[in-house]
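First comes the structure, then the notes that go with it.
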There are 2 protein chains.
Amino acid sequence: MSPGNIPQYRQLYETLRRHIVDGLYREGDLLPSENELCKLHGLTRPTVRKSLDLLAHEGFIKRHQGLGSVVHKLPKGIGILSISGTTTAIGKENLETRTIIRPGLSPWPDDFPFSLSDNEREAGCMHFTRLRLVNGKPVIYDISYIPNINLPRFSARNLNNKSLFNILRAAYRIEVKGGEQYIKAINAPDPEICRILDIKHDTPVLHLQRRIDTSRLNFYIYSILYCNTSDHSLYGIF
Amino acid sequence: MSPGNIPQYRQLYETLRRHIVDGLYREGDLLPSENELCKLHGLTRPTVRKSLDLLAHEGFIKRHQGLGSVVHKLPKGIGILSISGTTTAIGKENLETRTIIRPGLSPWPDDFPFSLSDNEREAGCMHFTRLRLVNGKPVIYDISYIPNINLPRFSARNLNNKSLFNILRAAYRIEVKGGEQYIKAINAPDPEICRILDIKHDTPVLHLQRRIDTSRLNFYIYSILYCNTSDHSLYGIF
DNA sequence: TATTTGTACTTGTATTTACAAGTCAGAGTT
DNA sequence: AACTCTGACTTGTAAATACAAGTACAAATA
(Lines give C-alpha, C1' and ligand atoms only; values in the text may rest on other atoms or scores of the structure.)
Protein backbone atom coordinates (compact mmCIF):
# COMPACT_ATOMS: atom_id res chain seq x y z
CA MET A 1 0.00 0.00 0.00
CA SER A 2 0.86 3.65 -0.30
CA PRO A 3 1.82 6.56 1.98
CA GLY A 4 0.29 6.58 5.43
CA ASN A 5 -1.40 3.23 4.91
CA ILE A 6 -4.26 4.92 3.15
CA PRO A 7 -5.37 2.73 0.27
CA GLN A 8 -5.09 4.14 -3.22
CA TYR A 9 -8.78 3.88 -4.00
CA ARG A 10 -9.44 5.93 -0.90
CA GLN A 11 -6.90 8.57 -1.93
CA LEU A 12 -8.43 8.94 -5.38
CA TYR A 13 -11.86 9.11 -3.79
CA GLU A 14 -10.74 11.96 -1.52
CA THR A 15 -9.17 13.80 -4.45
CA LEU A 16 -12.23 13.57 -6.68
CA ARG A 17 -14.53 14.38 -3.80
CA ARG A 18 -12.56 17.54 -3.03
CA HIS A 19 -12.63 18.53 -6.68
CA ILE A 20 -16.40 18.19 -6.78
CA VAL A 21 -16.98 19.97 -3.48
CA ASP A 22 -14.62 22.78 -4.51
CA GLY A 23 -16.55 23.26 -7.71
CA LEU A 24 -13.82 22.14 -10.09
CA TYR A 25 -16.44 19.90 -11.58
CA ARG A 26 -19.94 21.30 -11.73
CA GLU A 27 -23.34 19.69 -11.74
CA GLY A 28 -23.90 17.75 -14.94
CA ASP A 29 -20.22 17.64 -15.87
CA LEU A 30 -18.71 14.38 -16.94
CA LEU A 31 -15.87 13.12 -14.83
CA PRO A 32 -12.88 11.82 -16.78
CA SER A 33 -13.60 8.31 -17.97
CA GLU A 34 -12.37 5.38 -15.92
CA ASN A 35 -9.55 4.71 -18.35
CA GLU A 36 -8.49 8.35 -18.29
CA LEU A 37 -8.44 8.32 -14.51
CA CYS A 38 -6.28 5.19 -14.68
CA LYS A 39 -3.71 6.95 -16.80
CA LEU A 40 -3.90 10.18 -14.83
CA HIS A 41 -3.28 8.56 -11.46
CA GLY A 42 -1.31 5.49 -12.47
CA LEU A 43 -3.93 3.03 -11.24
CA THR A 44 -5.86 0.13 -12.73
CA ARG A 45 -9.52 0.14 -13.55
CA PRO A 46 -10.78 -1.95 -10.61
CA THR A 47 -9.06 0.46 -8.24
CA VAL A 48 -10.48 3.49 -10.02
CA ARG A 49 -13.89 1.86 -10.08
CA LYS A 50 -13.77 1.35 -6.34
CA SER A 51 -13.21 5.06 -5.85
CA LEU A 52 -16.14 5.84 -8.14
CA ASP A 53 -18.25 3.30 -6.26
CA LEU A 54 -17.70 5.32 -3.10
CA LEU A 55 -18.53 8.61 -4.80
CA ALA A 56 -21.66 7.16 -6.36
CA HIS A 57 -22.67 5.62 -3.07
CA GLU A 58 -22.44 8.99 -1.35
CA GLY A 59 -24.36 10.73 -4.09
CA PHE A 60 -21.60 12.85 -5.58
CA ILE A 61 -21.81 11.24 -9.00
CA LYS A 62 -24.19 9.08 -10.96
CA ARG A 63 -22.78 6.60 -13.43
CA HIS A 64 -24.30 5.73 -16.77
CA GLN A 65 -23.26 2.81 -18.87
CA GLY A 66 -22.07 4.02 -22.23
CA LEU A 67 -21.97 7.64 -21.14
CA GLY A 68 -19.77 8.15 -18.13
CA SER A 69 -19.88 9.43 -14.57
CA VAL A 70 -22.03 12.52 -14.23
CA VAL A 71 -21.46 14.91 -11.34
CA HIS A 72 -24.55 15.18 -9.18
CA LYS A 73 -25.67 18.41 -7.66
CA LEU A 74 -24.38 18.92 -4.14
CA PRO A 75 -26.89 18.22 -1.39
CA LYS A 76 -28.51 21.35 -0.01
CA GLY A 77 -29.62 19.97 3.34
CA ILE A 78 -27.59 18.71 6.25
CA GLY A 79 -26.12 15.40 5.28
CA ILE A 80 -26.34 13.80 8.66
CA LEU A 81 -27.78 10.64 7.28
CA SER A 82 -24.59 9.89 5.44
CA ILE A 83 -21.28 8.99 6.91
CA SER A 84 -19.69 12.12 5.53
CA GLY A 85 -21.13 14.08 8.42
CA THR A 86 -22.46 17.57 8.53
CA THR A 87 -19.49 19.53 7.28
CA THR A 88 -19.62 18.75 3.56
CA ALA A 89 -23.17 19.59 2.82
CA ILE A 90 -23.65 22.94 4.37
CA GLY A 91 -20.25 24.49 3.86
CA LYS A 92 -17.68 24.89 6.56
CA GLU A 93 -18.13 28.65 6.79
CA ASN A 94 -21.65 28.44 8.17
CA LEU A 95 -21.24 25.54 10.53
CA GLU A 96 -20.20 25.99 14.15
CA THR A 97 -19.90 23.44 16.92
CA ARG A 98 -20.12 24.27 20.61
CA THR A 99 -19.49 21.82 23.41
CA ILE A 100 -22.28 22.13 25.95
CA ILE A 101 -21.34 19.33 28.34
CA ARG A 102 -17.63 18.55 28.34
CA PRO A 103 -16.52 14.90 28.21
CA GLY A 104 -16.72 13.17 31.55
CA LEU A 105 -17.51 9.84 33.11
CA SER A 106 -21.11 9.04 33.95
CA PRO A 107 -23.25 5.95 34.31
CA TRP A 108 -25.08 4.66 31.25
CA PRO A 109 -28.61 6.11 31.19
CA ASP A 110 -31.35 3.79 32.41
CA ASP A 111 -33.51 4.29 29.34
CA PHE A 112 -30.68 3.78 26.87
CA PRO A 113 -32.21 2.97 23.49
CA PHE A 114 -29.60 0.42 22.42
CA SER A 115 -28.77 -2.82 24.14
CA LEU A 116 -25.30 -2.77 25.66
CA SER A 117 -22.87 -5.64 25.89
CA ASP A 118 -21.40 -6.71 29.23
CA ASN A 119 -18.06 -5.23 28.23
CA GLU A 120 -19.63 -1.89 27.53
CA ARG A 121 -21.52 -1.86 30.84
CA GLU A 122 -18.37 -2.77 32.69
CA ALA A 123 -16.25 -0.12 31.02
CA GLY A 124 -18.61 2.67 31.96
CA CYS A 125 -19.60 5.59 29.86
CA MET A 126 -17.96 8.75 28.58
CA HIS A 127 -20.62 11.37 28.05
CA PHE A 128 -20.67 14.75 26.36
CA THR A 129 -23.00 16.95 24.34
CA ARG A 130 -22.47 19.35 21.50
CA LEU A 131 -24.59 21.93 19.73
CA ARG A 132 -24.36 22.49 15.98
CA LEU A 133 -25.21 25.94 14.73
CA VAL A 134 -25.79 26.98 11.14
CA ASN A 135 -25.33 30.68 10.49
CA GLY A 136 -25.35 31.24 14.23
CA LYS A 137 -28.70 29.53 14.82
CA PRO A 138 -28.81 26.26 16.77
CA VAL A 139 -29.98 23.35 14.64
CA ILE A 140 -28.75 20.08 16.10
CA TYR A 141 -28.20 19.05 19.69
CA ASP A 142 -25.98 16.00 19.80
CA ILE A 143 -25.80 13.87 22.95
CA SER A 144 -22.94 11.38 22.73
CA TYR A 145 -22.06 8.26 24.69
CA ILE A 146 -18.80 6.37 24.25
CA PRO A 147 -17.72 3.29 26.20
CA ASN A 148 -14.80 4.31 28.38
CA ILE A 149 -12.21 1.87 27.10
CA ASN A 150 -8.62 2.97 26.86
CA LEU A 151 -8.88 6.39 25.25
CA PRO A 152 -6.12 8.27 27.13
CA ARG A 153 -6.56 12.01 27.52
CA PHE A 154 -9.83 11.90 25.61
CA SER A 155 -11.65 14.23 27.95
CA ALA A 156 -8.95 16.85 27.53
CA ARG A 157 -9.40 17.13 23.78
CA ASN A 158 -11.13 20.03 22.16
CA LEU A 159 -14.22 18.82 20.36
CA ASN A 160 -15.22 22.18 18.99
CA ASN A 161 -13.03 22.58 15.98
CA LYS A 162 -12.03 19.12 14.98
CA SER A 163 -14.67 16.54 14.36
CA LEU A 164 -15.02 13.66 16.76
CA PHE A 165 -14.36 11.24 13.92
CA ASN A 166 -11.09 12.96 13.02
CA ILE A 167 -9.89 12.83 16.61
CA LEU A 168 -10.67 9.15 16.84
CA ARG A 169 -8.82 8.45 13.63
CA ALA A 170 -5.79 10.61 14.32
CA ALA A 171 -5.30 9.96 18.01
CA TYR A 172 -6.58 6.43 18.47
CA ARG A 173 -6.52 4.93 14.97
CA ILE A 174 -10.21 4.21 15.20
CA GLU A 175 -11.95 4.50 11.87
CA VAL A 176 -15.69 5.09 11.57
CA LYS A 177 -17.19 2.49 9.29
CA GLY A 178 -20.90 3.20 9.25
CA GLY A 179 -23.84 2.84 11.55
CA GLU A 180 -27.55 2.57 12.03
CA GLN A 181 -30.17 4.99 13.21
CA TYR A 182 -33.78 5.23 14.23
CA ILE A 183 -35.66 8.38 13.30
CA LYS A 184 -38.81 9.81 14.78
CA ALA A 185 -40.69 13.06 14.73
CA ILE A 186 -41.53 14.27 18.23
CA ASN A 187 -42.51 17.44 19.99
CA ALA A 188 -39.54 19.00 21.72
CA PRO A 189 -39.51 16.89 24.87
CA ASP A 190 -37.56 18.82 27.41
CA PRO A 191 -37.44 22.46 28.58
CA GLU A 192 -33.66 22.12 28.66
CA ILE A 193 -33.52 21.03 25.02
CA CYS A 194 -35.99 23.72 24.00
CA ARG A 195 -33.74 26.29 25.61
CA ILE A 196 -30.63 24.93 23.94
CA LEU A 197 -32.24 24.74 20.49
CA ASP A 198 -34.07 28.04 21.07
CA ILE A 199 -37.49 26.67 20.20
CA LYS A 200 -40.92 26.65 21.76
CA HIS A 201 -42.23 23.71 23.71
CA ASP A 202 -44.50 22.24 21.04
CA THR A 203 -42.16 22.61 18.07
CA PRO A 204 -41.77 19.37 16.12
CA VAL A 205 -38.20 18.15 16.05
CA LEU A 206 -36.42 15.21 14.54
CA HIS A 207 -35.23 12.64 17.05
CA LEU A 208 -32.38 10.40 15.96
CA GLN A 209 -30.86 7.51 17.85
CA ARG A 210 -27.64 6.38 16.25
CA ARG A 211 -25.19 3.59 16.81
CA ILE A 212 -21.97 4.14 14.92
CA ASP A 213 -19.69 1.27 13.94
CA THR A 214 -15.93 1.57 14.09
CA SER A 215 -12.97 -0.39 12.88
CA ARG A 216 -12.41 -1.55 16.47
CA LEU A 217 -14.33 -4.75 17.00
CA ASN A 218 -17.29 -4.32 19.35
CA PHE A 219 -16.53 -0.63 19.85
CA TYR A 220 -19.55 1.54 19.10
CA ILE A 221 -20.27 5.21 19.50
CA TYR A 222 -23.79 6.11 20.52
CA SER A 223 -25.45 9.42 19.96
CA ILE A 224 -28.89 10.87 20.35
CA LEU A 225 -29.76 13.89 18.28
CA TYR A 226 -32.49 16.48 18.46
CA CYS A 227 -32.78 18.45 15.29
CA ASN A 228 -34.80 21.57 14.52
CA THR A 229 -35.74 21.15 10.87
CA SER A 230 -37.80 24.29 10.44
CA ASP A 231 -35.00 25.92 8.45
CA HIS A 232 -32.86 22.99 7.35
CA SER A 233 -33.92 19.55 6.19
CA LEU A 234 -31.83 16.52 6.78
CA TYR A 235 -30.56 15.06 3.58
CA GLY A 236 -29.75 11.51 2.67
CA ILE A 237 -29.07 9.38 -0.33
CA PHE A 238 -29.78 5.71 -0.63
CA MET B 1 -24.00 -13.41 -18.05
CA SER B 2 -26.42 -15.89 -16.56
CA PRO B 3 -30.15 -16.64 -16.68
CA GLY B 4 -32.50 -13.75 -17.19
CA ASN B 5 -29.67 -11.29 -17.53
CA ILE B 6 -29.39 -11.02 -13.78
CA PRO B 7 -25.71 -10.76 -12.87
CA GLN B 8 -24.26 -13.52 -10.76
CA TYR B 9 -23.22 -11.24 -7.89
CA ARG B 10 -26.81 -10.07 -7.73
CA GLN B 11 -28.13 -13.63 -7.65
CA LEU B 12 -25.84 -14.60 -4.81
CA TYR B 13 -26.81 -11.43 -2.99
CA GLU B 14 -30.49 -12.31 -3.29
CA THR B 15 -29.84 -15.86 -2.09
CA LEU B 16 -27.85 -14.82 0.98
CA ARG B 17 -30.28 -12.04 1.74
CA ARG B 18 -33.18 -14.45 1.68
CA HIS B 19 -31.29 -16.85 3.91
CA ILE B 20 -30.70 -14.12 6.46
CA VAL B 21 -34.24 -12.76 6.33
CA ASP B 22 -35.68 -16.27 6.63
CA GLY B 23 -33.57 -16.88 9.71
CA LEU B 24 -31.35 -19.56 8.25
CA TYR B 25 -28.49 -17.50 9.58
CA ARG B 26 -29.08 -15.80 12.89
CA GLU B 27 -27.69 -12.67 14.45
CA GLY B 28 -24.04 -13.14 15.27
CA ASP B 29 -23.60 -16.13 13.00
CA LEU B 30 -20.65 -16.26 10.67
CA LEU B 31 -21.48 -16.49 6.99
CA PRO B 32 -19.43 -19.05 5.05
CA SER B 33 -16.06 -17.52 4.23
CA GLU B 34 -15.54 -15.91 0.85
CA ASN B 35 -13.58 -18.87 -0.40
CA GLU B 36 -16.24 -21.28 0.77
CA LEU B 37 -18.91 -19.25 -1.01
CA CYS B 38 -16.76 -19.39 -4.14
CA LYS B 39 -16.69 -23.16 -4.06
CA LEU B 40 -20.34 -23.48 -3.09
CA HIS B 41 -21.62 -21.34 -5.94
CA GLY B 42 -18.92 -21.81 -8.52
CA LEU B 43 -17.85 -18.17 -8.55
CA THR B 44 -14.63 -16.27 -8.08
CA ARG B 45 -13.78 -14.17 -5.08
CA PRO B 46 -14.29 -10.73 -6.69
CA THR B 47 -17.82 -11.77 -7.64
CA VAL B 48 -18.55 -13.16 -4.19
CA ARG B 49 -17.11 -10.04 -2.61
CA LYS B 50 -19.39 -7.85 -4.66
CA SER B 51 -22.40 -9.73 -3.28
CA LEU B 52 -21.09 -9.28 0.25
CA ASP B 53 -20.46 -5.60 -0.45
CA LEU B 54 -24.16 -5.22 -1.19
CA LEU B 55 -25.19 -7.10 1.93
CA ALA B 56 -22.84 -5.07 4.11
CA HIS B 57 -23.99 -1.87 2.50
CA GLU B 58 -27.59 -2.66 3.37
CA GLY B 59 -26.73 -3.63 6.91
CA PHE B 60 -27.40 -7.36 6.75
CA ILE B 61 -23.82 -8.32 7.59
CA LYS B 62 -20.75 -6.70 9.03
CA ARG B 63 -17.39 -7.86 7.80
CA HIS B 64 -14.31 -8.20 9.96
CA GLN B 65 -10.85 -8.66 8.60
CA GLY B 66 -9.41 -11.90 9.90
CA LEU B 67 -12.72 -13.06 11.30
CA GLY B 68 -15.37 -13.23 8.62
CA SER B 69 -18.76 -11.82 7.77
CA VAL B 70 -21.02 -11.60 10.81
CA VAL B 71 -24.79 -11.53 10.36
CA HIS B 72 -26.24 -8.33 11.76
CA LYS B 73 -29.49 -8.21 13.63
CA LEU B 74 -32.44 -7.40 11.40
CA PRO B 75 -33.70 -3.85 11.61
CA LYS B 76 -36.70 -3.41 13.84
CA GLY B 77 -38.01 -0.16 12.40
CA ILE B 78 -39.39 0.58 8.97
CA GLY B 79 -36.49 0.55 6.58
CA ILE B 80 -37.77 3.24 4.33
CA LEU B 81 -34.46 5.04 4.31
CA SER B 82 -32.87 2.20 2.44
CA ILE B 83 -33.56 1.04 -1.06
CA SER B 84 -34.90 -2.26 0.14
CA GLY B 85 -38.20 -0.64 0.91
CA THR B 86 -40.59 -1.26 3.71
CA THR B 87 -41.33 -4.91 3.20
CA THR B 88 -38.15 -6.46 4.53
CA ALA B 89 -37.96 -4.77 7.84
CA ILE B 90 -41.35 -5.15 9.31
CA GLY B 91 -42.35 -8.53 7.97
CA LYS B 92 -44.80 -9.03 5.17
CA GLU B 93 -47.55 -10.34 7.41
CA ASN B 94 -48.06 -7.03 9.16
CA LEU B 95 -47.74 -4.69 6.23
CA GLU B 96 -50.68 -3.67 4.09
CA THR B 97 -50.88 -1.19 1.25
CA ARG B 98 -54.05 0.59 0.16
CA THR B 99 -54.37 2.78 -2.88
CA ILE B 100 -56.17 5.97 -1.91
CA ILE B 101 -55.97 7.89 -5.17
CA ARG B 102 -55.72 5.63 -8.21
CA PRO B 103 -53.17 6.45 -10.90
CA GLY B 104 -54.26 9.20 -13.24
CA LEU B 105 -52.98 12.15 -15.17
CA SER B 106 -52.73 15.49 -13.45
CA PRO B 107 -50.62 18.63 -13.80
CA TRP B 108 -47.40 18.85 -11.79
CA PRO B 109 -48.06 20.63 -8.49
CA ASP B 110 -47.08 24.28 -8.36
CA ASP B 111 -45.08 23.92 -5.17
CA PHE B 112 -43.22 20.81 -6.32
CA PRO B 113 -40.14 20.43 -4.12
CA PHE B 114 -37.81 19.19 -6.88
CA SER B 115 -36.82 21.04 -10.00
CA LEU B 116 -38.21 19.40 -13.13
CA SER B 117 -36.56 19.13 -16.51
CA ASP B 118 -38.29 20.41 -19.64
CA ASN B 119 -38.91 16.85 -20.75
CA GLU B 120 -40.63 16.03 -17.50
CA ARG B 121 -42.84 19.12 -17.65
CA GLU B 122 -43.76 18.33 -21.22
CA ALA B 123 -44.61 14.71 -20.51
CA GLY B 124 -47.06 15.60 -17.78
CA CYS B 125 -47.53 13.80 -14.53
CA MET B 126 -48.95 10.50 -13.41
CA HIS B 127 -50.21 10.89 -9.85
CA PHE B 128 -51.40 8.43 -7.22
CA THR B 129 -51.28 7.97 -3.47
CA ARG B 130 -51.03 4.95 -1.23
CA LEU B 131 -51.41 4.31 2.45
CA ARG B 132 -49.19 1.86 4.31
CA LEU B 133 -50.64 0.21 7.35
CA VAL B 134 -48.81 -1.81 9.97
CA ASN B 135 -50.98 -4.19 11.93
CA GLY B 136 -54.00 -2.39 10.54
CA LYS B 137 -52.94 1.05 11.72
CA PRO B 138 -52.02 3.69 9.14
CA VAL B 139 -48.37 4.68 9.35
CA ILE B 140 -47.20 6.13 6.05
CA TYR B 141 -49.08 8.15 3.46
CA ASP B 142 -47.17 8.07 0.19
CA ILE B 143 -47.94 10.61 -2.52
CA SER B 144 -46.26 9.64 -5.79
CA TYR B 145 -45.55 11.50 -8.99
CA ILE B 146 -44.19 9.86 -12.12
CA PRO B 147 -43.48 11.56 -15.45
CA ASN B 148 -45.97 10.21 -17.95
CA ILE B 149 -43.59 8.82 -20.52
CA ASN B 150 -44.48 5.67 -22.36
CA LEU B 151 -45.75 3.41 -19.58
CA PRO B 152 -48.60 1.62 -21.37
CA ARG B 153 -51.46 0.45 -19.20
CA PHE B 154 -49.76 1.74 -16.08
CA SER B 155 -52.90 3.23 -14.58
CA ALA B 156 -54.68 -0.11 -14.88
CA ARG B 157 -52.19 -1.97 -12.71
CA ASN B 158 -52.93 -2.97 -9.19
CA LEU B 159 -50.54 -1.20 -6.83
CA ASN B 160 -51.86 -2.80 -3.67
CA ASN B 161 -50.22 -6.16 -3.65
CA LYS B 162 -47.13 -5.79 -5.78
CA SER B 163 -44.67 -3.09 -5.00
CA LEU B 164 -44.31 -0.22 -7.42
CA PHE B 165 -40.67 -1.12 -7.93
CA ASN B 166 -41.51 -4.68 -8.89
CA ILE B 167 -44.07 -3.53 -11.45
CA LEU B 168 -41.57 -1.15 -12.99
CA ARG B 169 -38.96 -3.87 -13.21
CA ALA B 170 -41.22 -6.62 -14.49
CA ALA B 171 -43.42 -4.67 -16.88
CA TYR B 172 -41.14 -1.90 -18.10
CA ARG B 173 -37.62 -3.13 -17.39
CA ILE B 174 -36.98 -0.09 -15.24
CA GLU B 175 -34.67 -0.79 -12.35
CA VAL B 176 -34.56 1.38 -9.24
CA LYS B 177 -31.00 2.43 -8.56
CA GLY B 178 -31.19 4.66 -5.53
CA GLY B 179 -32.29 8.14 -4.70
CA GLU B 180 -32.13 11.14 -2.45
CA GLN B 181 -34.45 12.50 0.17
CA TYR B 182 -35.03 15.48 2.40
CA ILE B 183 -36.42 14.86 5.85
CA LYS B 184 -38.22 17.22 8.20
CA ALA B 185 -40.31 17.02 11.32
CA ILE B 186 -43.56 18.93 10.97
CA ASN B 187 -46.93 19.12 12.60
CA ALA B 188 -49.50 17.26 10.55
CA PRO B 189 -50.25 19.92 7.95
CA ASP B 190 -53.58 19.04 6.45
CA PRO B 191 -56.97 17.92 7.80
CA GLU B 192 -57.10 15.46 4.92
CA ILE B 193 -53.77 13.88 5.89
CA CYS B 194 -54.72 13.84 9.57
CA ARG B 195 -57.84 11.93 8.63
CA ILE B 196 -56.00 9.45 6.45
CA LEU B 197 -53.29 8.82 9.04
CA ASP B 198 -55.85 8.90 11.86
CA ILE B 199 -53.97 11.46 13.94
CA LYS B 200 -54.77 14.71 15.66
CA HIS B 201 -54.00 18.06 14.11
CA ASP B 202 -50.88 18.88 16.11
CA THR B 203 -49.24 15.45 16.01
CA PRO B 204 -45.63 15.62 14.87
CA VAL B 205 -45.03 13.61 11.70
CA LEU B 206 -42.04 12.92 9.53
CA HIS B 207 -42.12 14.61 6.18
CA LEU B 208 -40.00 13.07 3.43
CA GLN B 209 -39.44 14.34 -0.06
CA ARG B 210 -37.79 11.73 -2.23
CA ARG B 211 -36.44 11.60 -5.73
CA ILE B 212 -35.76 8.07 -6.85
CA ASP B 213 -33.24 7.25 -9.56
CA THR B 214 -33.84 4.55 -12.12
CA SER B 215 -31.85 2.73 -14.73
CA ARG B 216 -33.63 4.80 -17.38
CA LEU B 217 -31.61 7.94 -18.00
CA ASN B 218 -33.33 11.09 -16.74
CA PHE B 219 -36.34 9.12 -15.50
CA TYR B 220 -37.08 9.82 -11.86
CA ILE B 221 -39.89 8.85 -9.54
CA TYR B 222 -40.94 11.45 -7.03
CA SER B 223 -42.72 10.81 -3.81
CA ILE B 224 -43.73 12.77 -0.77
CA LEU B 225 -44.32 10.86 2.44
CA TYR B 226 -46.02 11.68 5.68
CA CYS B 227 -45.16 9.25 8.40
CA ASN B 228 -46.63 8.82 11.84
CA THR B 229 -43.68 7.72 13.95
CA SER B 230 -45.40 7.49 17.29
CA ASP B 231 -45.36 3.69 17.12
CA HIS B 232 -42.71 2.92 14.50
CA SER B 233 -39.40 4.63 13.93
CA LEU B 234 -37.87 4.89 10.53
CA TYR B 235 -34.69 2.93 10.30
CA GLY B 236 -31.62 3.50 8.22
CA ILE B 237 -28.07 2.37 7.94
CA PHE B 238 -25.17 4.40 6.56
C1' DT C 1 1.22 -20.57 34.82
C1' DA C 2 1.58 -16.66 31.97
C1' DT C 3 3.47 -14.93 27.82
C1' DT C 4 5.08 -15.07 23.27
C1' DT C 5 5.37 -16.94 18.79
C1' DG C 6 3.89 -19.19 14.82
C1' DT C 7 0.47 -20.84 11.74
C1' DA C 8 -3.64 -21.21 9.39
C1' DC C 9 -7.33 -19.05 8.64
C1' DT C 10 -10.09 -14.68 7.49
C1' DT C 11 -11.02 -10.21 4.74
C1' DG C 12 -8.54 -6.07 2.40
C1' DT C 13 -6.12 -4.23 -1.48
C1' DA C 14 -4.40 -4.31 -6.14
C1' DT C 15 -3.24 -5.89 -10.87
C1' DT C 16 -4.35 -7.82 -15.34
C1' DT C 17 -7.30 -9.36 -18.78
C1' DA C 18 -11.55 -10.21 -21.37
C1' DC C 19 -15.90 -9.56 -23.06
C1' DA C 20 -20.86 -7.60 -22.71
C1' DA C 21 -23.77 -3.81 -23.25
C1' DG C 22 -25.29 1.00 -23.46
C1' DT C 23 -24.51 5.83 -25.67
C1' DC C 24 -23.43 8.90 -29.09
C1' DA C 25 -22.07 10.96 -33.28
C1' DG C 26 -21.11 10.73 -37.88
C1' DA C 27 -21.21 8.18 -42.35
C1' DG C 28 -24.02 6.29 -45.41
C1' DT C 29 -28.57 5.14 -47.22
C1' DT C 30 -33.31 5.73 -48.41
C1' DA D 1 -34.75 15.44 -44.79
C1' DA D 2 -35.28 11.43 -42.22
C1' DC D 3 -33.57 7.14 -41.21
C1' DT D 4 -30.31 3.22 -40.38
C1' DC D 5 -26.02 1.50 -39.54
C1' DT D 6 -21.43 1.38 -37.92
C1' DG D 7 -17.60 2.29 -35.01
C1' DA D 8 -15.52 4.36 -31.18
C1' DC D 9 -16.26 5.39 -27.07
C1' DT D 10 -18.31 4.59 -22.22
C1' DT D 11 -19.42 1.67 -17.91
C1' DG D 12 -20.91 -3.26 -16.39
C1' DT D 13 -19.66 -7.96 -15.39
C1' DA D 14 -16.44 -11.69 -14.55
C1' DA D 15 -12.27 -14.35 -14.00
C1' DA D 16 -7.56 -15.58 -12.17
C1' DT D 17 -3.92 -14.16 -9.32
C1' DA D 18 -1.01 -12.12 -5.72
C1' DC D 19 0.17 -10.20 -1.57
C1' DA D 20 -1.07 -7.37 2.84
C1' DA D 21 -3.10 -7.36 7.23
C1' DG D 22 -6.13 -8.69 11.01
C1' DT D 23 -7.96 -12.72 14.09
C1' DA D 24 -7.94 -16.89 16.60
C1' DC D 25 -5.89 -20.67 18.44
C1' DA D 26 -2.46 -23.96 19.38
C1' DA D 27 2.35 -24.76 20.25
C1' DA D 28 6.55 -23.30 22.18
C1' DT D 29 8.79 -20.61 25.53
C1' DA D 30 9.84 -17.99 29.78
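The structure displayed is predicted, hence computed values, not measured ones. Here is the naming used below: chain letters follow the sequence lines, and residue numbers restart at 1 for every chain. What's counted below: heavy atoms across the whole structure, side chains too, no hydrogens, waters or symmetry copies.
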(request) Grab the CG-P distance between A:Asp53 and D:dT11 for me, whole Å please. (result) 12 Å
(message) Looking at A:Lys39 and A:Glu34, is there a salt bridge between them, counting it only when a charged N and a carboxylate O are closer than 4.0 Å?
(response) no
(request) Answer yes or no: is there a side-chain heavy-atom contact under 4.5 Å between A:His41 and A:Glu36? (result) no
(message) If you assign each of A:Gly66 and B:Gly68 to its closest nucleotide in DNA chain C, which residue comes earlier from the 5' end?
(response) B:Gly68
(request) Give the rounded distance in Å between these two atoms: CD of A:Gln11 and P of C:dG12. (result) 19 Å
(request) Determine: side-chain N/O of B:Arg63 to OP1/OP2 of C:dT10, distance under 4.0 Å, yes or no. (result) no
(request) For B:Arg49 and D:dA18, give me the distance from atom CZ to atom C1', rounded to whole Å. (result) 14 Å
(request) Please state whether the phosphate of C:dA14, meaning OP1 or OP2, lies under 4.0 angstrom from any side-chain nitrogen or oxygen of A:Tyr9. (result) no
(request) Output yes when A:Glu14 and A:Arg10 qualify as a salt bridge under the 4.0 Å nitrogen-oxygen rule, no when they do not. (result) yes
(request) Anything under 30° is parallel, anything over 60° is perpendicular, the rest tilted; go ahead and classify A:Trp108 against A:Tyr222. (result) perpendicular
(request) Could you tell me the separation between the NZ atom of A:Lys62 and the C1' atom of D:dT11, rounded to a whole number of Å? (result) 14 Å
(request) Nearest whole angstrom, please: distance from the C1' of C:dT23 to the NE2 of A:His64. (result) 11 Å
(request) Considering just the side-chain nitrogens and oxygens of B:Lys50, establish if one lies under 4.0 Å of OP1 or OP2 belonging to D:dT13. (result) yes
(request) Evaluate whether atom CG of A:Asp22 has more than 12 neighbouring non-hydrogen atoms of other residues, nucleotides or ligands under 6.0 angstrom away. (result) yes
(message) In terms of relative ring orientation, are B:Phe114 and B:Tyr182 parallel, tilted or perpendicular, with 30° and 60° separating the classes?
(response) tilted
(request) May I have the distance from B:Leu67 (atom CG) to D:dA21 (atom C1'), rounded to whole angstrom? (result) 14 Å
(message) Using salt bridge (Lys or Arg N to Asp or Glu O under 4.0 Å), reason through B:Lys62 and A:Glu180 one step at a time and then give a plain yes or no.
(response) CA-CA 12 Å; B:Lys62 196 178 171 202; A:Glu180 55 175 339; over 6 Å; no
(request) With a 4.0 Å heavy-atom cut-off, tell me which residues in residues 27-47 of chain A come close to DNA chain C, sorted by residue number. (result) A:Thr44, A:Arg45, A:Pro46, A:Thr47
(request) Determine: side-chain N/O of B:Gln65 to OP1/OP2 of C:dG12, distance under 4.0 Å, yes or no. (result) no
